[in-house]
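Structure record follows, encoded as structure tokens.
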Amino acid sequence: MKVFRVVGLLILVFSVSAWPAVAQEGSWGVGVFANYNVPVFGLGEWYENDSKFGLNAAYVPASNVTVELEFHSGNFTDGSLLTRTFTWTDGNDYTSPNASSNMSLNSLLVNALVRLRQIGQPFAASSFAPYVAVGGGFYRYRNDVSGLLWPGQTGDLVLELEPFTDQRFALGVNAGLGVEAFVVDNVAVDLRARYNMMIGDLRGLEDWEISETFPLQMLDFGAGVKFYFSGK
């Protein structure tokens with residue numbers, strides 16, 4: 001994630017060197033985010049919670065609306081297949097010692113933030129506003145699995161299934177709630193929680209009691225820092 005740290009530093013340097021008056025309608029902004037990513041329903045059978053990081057650019061067309069272009073990148077690692085068992089022909093349950101399961105996930109989304117109420121002067125220190133967030137766009141995921149023992153073999157239990165990958169560019173949507181609180185003029189802390197759904201699937205693995213997963217669904221809980229610049 002070195003690229004995010006570098007970009008975040010550049011944002012901070014630029015914002016300090018080009019500090020404007022309090023932003024208003026027509027302003028634009030940039031931000032960095034960290035998220036706690038929680039797979040749910042079928043995807044929750046594969047993986048546990050993990051992190052993702054992102055950048056966004058924003059435009060403020062009206063006092064109560066912000067439009068964002070958002071990019072996020074994250075991973076789910078060490079999936080449940082590492083500890084899940086299958087029942088062999090001898091009636092006993094076994095794990096796959098060499099099992100590996102990892103999923104990478106990137107997204108490019110367009111979001112609308114609709115402020116429900118403004119407390120204080122917009123974009124000024126100590127002001128804040130709760131909002132509803134809705135959006136959609138493209139997700140790219142890649143799920144790599146290897147090292148699974150073949151349940152149908154006889155003799156010594158040594159043969160492994162061929163590694164496989166499920167990957168796709170998928171459309172998706174998200175919706176949630178958040179609050180934007182300004183710590184100083186034009187600099188806000190943004191806290192949000194969202195539901196995400198991707199029109200994608202992961203194959204089922206019946207011997208490990210994992211059903212085919214469709215669609216892919218997640219919750220994310222994020223915190224970010226956003227810098228606004230006057231467009232007038």
Side-chain angles (χ1 to χ4, degrees), residues 1-5 32-56 70-88 93-109 111 133-151 160-178 190-224:
M1 299 302 175
K2 183 178 179 181
V3 62
F4 292 112
R5 293 195 293 269
V32 292
F33 271 81
N35 297 268
Y36 190 56
N37 212 13
V38 182
V40 294
F41 301 110
L43 190 57
E45 296 183 7
W46 279 89
Y47 294 105
E48 295 185 351
N49 310 337
D50 215 316
S51 59
K52 66 176 180 178
F53 300 89
L55 307 169
N56 68 29
E70 172 189 32
F71 171 77
H72 271 91
S73 180
N75 296 279
F76 293 118
T77 58
D78 299 331
S80 66
L81 287 175
L82 278 66
T83 56
R84 281 183 178 264
T85 62
F86 64 91
T87 302
W88 198 29
D93 293 335
Y94 295 88
T95 60
S96 300
N98 299 323
S100 175
S101 175
N102 298 282
M103 183 176 182
S104 61
L105 177 65
N106 299 311
S107 60
L108 182 63
L109 309 174
N111 306 315
V134 292
F138 294 95
Y139 295 78
R140 182 189 184 279
Y141 65 89
R142 178 186 173 103
N143 191 51
D144 294 307
V145 176
S146 63
L148 294 179
L149 290 171
W150 177 36
E160 296 181 350
L161 296 174
E162 287 291 325
F164 64 86
T165 297
D166 292 323
Q167 59 181 330
R168 187 174 181 179
F169 284 94
L171 291 173
V173 296
N174 70 83
L177 298 171
D190 191 319
L191 305 176
R192 64 179 67 173
R194 294 183 297 182
Y195 163 79
N196 301 266
M197 182 185 71
M198 295 175 287
I199 310 302
D201 66 297
L202 300 179
R203 71 188 66 187
L205 296 171
E206 294 183 1
D207 290 302
W208 287 267
E209 298 183 347
I210 295 180
S211 302
E212 181 182 2
T213 302
F214 177 87
L216 305 183
Q217 301 174 80
M218 300 168 294
L219 301 175
D220 65 52
F221 303 90

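Count residues from 1 along the sequence.
- Two residues are said to be in side-chain contact when any heavy atoms from C-beta on lie closer than 4.5 Å; Leu81 and Ile210 meet this criterion.
- Every side-chain contact (heavy atoms from CB on, under 4.5 Å) that Val40 has, sequence neighbours left out, goes to Val38, Gln217, Leu219.
- Applying the side-chain contact (heavy atoms from CB on, under 4.5 Å) rule to Thr77 yields the partners Asp50, Asn75, Asn102; only residues at least two apart in sequence or on another chain are considered.
- The shortest non-hydrogen separation linking Glu70 to Asn56 is CA-CB, 4.0 Å.
- Residues forming a side-chain contact (heavy atoms from CB on, under 4.5 Å) with Glu48 (at least two apart in sequence, or on another chain): none.
- Contact between Val145 and Ser101 at its shortest, heavy atoms only, is CG2-OG, 4.1 Å.
- Judged as a ring-ring contact (aromatic ring centres under 6.0 Å, His included), and not counting sequence neighbours, Trp46 has no contacts.
- Considering all non-hydrogen atoms of both residues, Pro39 and Asn49 come closest at CD-OD1, 3.7 Å.
- Taken from CE in Met198 to CG in Leu171, the straight-line distance is 11.5 Å, to the nearest 0.5 Å.
- Under a cut-off of 6.0 angstrom, the local environment of CD in Gln167 is crowded, with over 12 non-hydrogen atoms contributed by other residues, nucleotides or ligands.
- Taking Phe86 as the reference, Trp208 meet the ring-ring contact (aromatic ring centres under 6.0 Å, His included) condition, with sequence neighbours excluded.
- Dense packing is recorded around OH of Tyr195, with more than 12 heavy atoms of other residues, nucleotides or ligands lying under 6.0 Å away.
- The ring-ring contact (aromatic ring centres under 6.0 Å, His included) check on Tyr139 picks up nothing, with sequence neighbours excluded.
- Residue pairs meeting the salt bridge (charged side-chain N to carboxylate O under 4.0 Å, His left out) criterion with at least one member in residues 136-146, sequence neighbours excluded: Arg142-Asp144.
- For the side-chain contact (heavy atoms from CB on, under 4.5 Å) test, residues two or more places apart in sequence or in another chain that qualify with Ser146 are Ser100, Pro163.
- A search for ring-ring contact (aromatic ring centres under 6.0 Å, His included) contacts involving Tyr94 returns Trp88, not counting sequence neighbours.
- Taking each heavy atom of Gly135 and Asn111 in turn, the nearest pair found is CA-OD1, 3.5 Å.
- Remark: Glu160 CD to Leu148 CG distance equals 8.0 Å, nearest 0.5 Å.
- The distance from atom CG of Asp207 to atom OG1 of Thr87, rounded to the nearest 0.5 Å, is 8.5 Å.
- The closest side-chain heavy-atom distance from Asn174 to Ser107 is not below 4.5 Å.
- Annotation: the span from Leu82 atom CG to Thr95 atom OG1 amounts to 9.0 Å, rounded to 0.5 Å.
- Taking 4.5 Å as the limit, some side-chain heavy atom of Tyr47 sits within range of a side-chain heavy atom of Asn143.
- Among the candidates Asn37, Asn35, Asn106, the single residue satisfying the side-chain hydrogen bond (donor to acceptor under 3.5 Å, both in side chains) test with His72 is Asn35.
- Taking the salt bridge (Lys or Arg N to Asp or Glu O under 4.0 Å) definition, one finds that Glu45 meets it with nothing, sequence neighbours left out.
- Of all heavy-atom pairs between Leu55 and Val32, the closest is CD2-CG1, 3.5 Å.
- Contact record, Ala193 with Phe221: CB-CD2, 3.6 Å, taken as the closest heavy-atom pair.
- Taking CG of Asp220 as the start and CG of Asn196 as the end, the distance is 4.5 Å to the nearest 0.5 Å.
- Between atom CZ of residue Phe71 and atom CG of residue Leu108 there is a gap of 8.0 Å, rounded to the nearest 0.5 Å.
- Listed by chain and number, the residues in a salt bridge (Lys or Arg N to Asp or Glu O under 4.0 Å) with Arg84 amount to none (sequence neighbours excluded).
- Sorted by first and then second residue, the pairs that involve residues 167-176 and meet salt bridge (charged side-chain N to carboxylate O under 4.0 Å, His left out), not counting sequence neighbours, are Arg168-Asp201.
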